[in-house]
Amino acid sequence: MQALGLQRPDEAVRLLDRACSLGHAAGCSNLAGCSAAGSAAGRDPARAAGLYDRACRLGFAEACATVGSMLAEGTAVPADPPRALGMFELGCAKQDPFACFTAGLFYEAGRGLPARDPGRAAGSFAQACGLGHATGCFNAGILLYDEANGRPGENARAVEFFARACAGPSRRGACARGWRRCAGSARPRTRPGRPACSRARARAGTTTRAAWRRS
């Protein structure tokens, strides 16, 4: 890394390659970045994806999400939604909040799966929320409202997620107003508060079907 800072890319790539071959996860990830950007190693997106995959399996959680995004977008390597989802799941298991959040998007849309799985989506958003991902909290709340069909207790759980989303440093007034209105109107076997929640979501600039990028 010092060699990169000193503008000695050939030496940097050689050392990172050695580090990766010795099982250093961050070395593999940084070498992948060199391959993706086209430094001394030359631009090689397919090799970059393979190196990110190796870094992920060596324990570098962010690399799991990075290769998952590459496979989801299909811009640098051929799109492979089932494999992308697998990488997000692996990153989520390693406690990467973005990986959990994006796995939730895949479950909700049924991307990389035979069909939608709202239950797994809500669980994945909730896990992202627990790891500090505010949009994960918000999406978990919205999904509970959309899918609960008035089951007792689900509206209250959704409001708890809205509260956690709105309590973060990126909270917005519309978000806070939305969940408060949901809280004031939640009743069993009804679906109250959804217009308010939807407006809050739109004003906050987030959706449950956002692009597969970091939020």
Side-chain angles (χ1 to χ4, degrees), residues 1-113 117 120-137 139-140 210-215:
M1 296 308 296
Q2 289 185 1
L4 280 176
L6 293 170
Q7 303 299 311
R8 286 154 38 186
D10 290 329
E11 184 178 359
V13 166
R14 177 179 61 79
L15 292 167
L16 289 170
D17 186 68
R18 176 66 174 156
C20 182
S21 69
L22 291 171
H24 191 275
C28 295
S29 184
N30 282 287
L31 182 60
C34 292
S35 294
S39 66
R43 189 170 185 277
D44 189 342
R47 182 169 186 249
L51 288 166
Y52 280 128
D53 187 296
R54 175 166 167 75
C56 167
R57 296 178 193 284
L58 287 170
F60 198 67
E62 287 188 15
C64 307
T66 300
V67 72
S69 295
M70 293 174 73
L71 292 164
E73 294 168 358
T75 52
V77 294
D80 189 339
R83 187 180 167 207
L85 175 57
M87 298 308 298
F88 289 125
E89 291 173 332
L90 189 55
C92 185
K94 298 178 187 297
Q95 304 298 295
D96 182 79
F98 171 70
C100 296
F101 172 74
T102 313
L105 294 176
F106 271 60
Y107 296 142
E108 185 189 8
R111 195 171 185 210
L113 296 169
D117 194 335
R120 289 177 75 185
S124 199
F125 288 141
Q127 189 170 352
C129 176
L131 292 169
H133 196 290
T135 311
C137 301
N139 281 20
W212 323 115
R213 293 184 176 87
R214 288 190 181 275
S215 172

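Every residue meeting the side chain to side chain contact (heavy atoms under 4.5 Å, CB included) condition with Cys100, not counting sequence neighbours, appears here in chain and number order: Cys92, Ser124, Gln127, Ala128, Leu131. Under the salt bridge (Lys or Arg N to Asp or Glu O under 4.0 Å) criterion, Arg14 pairs with no residue at all, not counting sequence neighbours. Evaluation of the side-chain hydrogen bond (donor to acceptor under 3.5 Å, both in side chains) rule for Arg54 yields no partner, not counting sequence neighbours. Qualifying side chain to side chain contact (heavy atoms under 4.5 Å, CB included) partners for Leu85, counting only residues two or more places apart in sequence or in other chains: Glu89, Ala103, Phe106, Tyr107, Leu113. Partners of Glu11 according to the side-chain hydrogen bond (donor to acceptor under 3.5 Å, both in side chains) rule, which considers only residues two or more places apart in sequence or in another chain, are Arg8. Residues that satisfy the side chain to side chain contact (heavy atoms under 4.5 Å, CB included) test with Ala126, not counting sequence neighbours, are Phe161.
When all heavy atoms of Leu90 and Cys56 are compared, the pair lying nearest together is CD2-SG, 3.4 Å. A pairwise comparison of heavy atoms in Pro78 and Leu71 identifies O-CD2, 4.0 Å as the closest pair. Between Ala49 and Val67 the shortest heavy-atom distance is O-CG2, 3.4 Å. Of all heavy-atom pairs spanning Asp96 and Ala65, the tightest one is OD2-CB, 3.8 Å. Taking both residues in full, the closest heavy atoms of Ala72 and Ala79 are given as O-CB, 4.4 Å, listed atom of the first, atom of the second, then distance. The two residues Ala55 and Ala25 come nearest to each other via the heavy atoms CB-O, 3.4 Å.
A 4.5 Å side-chain heavy-atom check between Thr135 and Phe125 finds every atom pair outside the cut-off. Looking only at side-chain heavy atoms (C-beta outward), Arg83 and Val77 stay at 4.5 Å or farther from each other.
Using the six-membered ring where Trp is involved, Phe98 and Phe88 have ring planes that are perpendicular, over 60° apart on the 30 and 60° scheme.
With values rounded to the nearest 0.5 angstrom, Leu51 atom CG is found 8.0 Å from Asp17 atom CG. In this structure, CG on Leu15 lies 12.0 Å from NE2 on His24, to the nearest 0.5 angstrom. Interatomic distance, Asp80 CG to Met87 CE, rounded to the nearest 0.5 Å: 11.0 Å. Separating the CG atom in Leu31 from the OH atom in Tyr52 is a distance of 9.5 Å, to the nearest 0.5 Å.
A donor-acceptor contact shorter than 3.5 Å links the side chain of Ser21 to the backbone of Arg18.
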side-chain contact (heavy atoms from CB on, under 4.5 Å) between Met1 and Leu16, intermediate numbers included:
CA-CA 8 Å; Met1 296 308 296; Leu16 289 170; 4.2 Å; yes
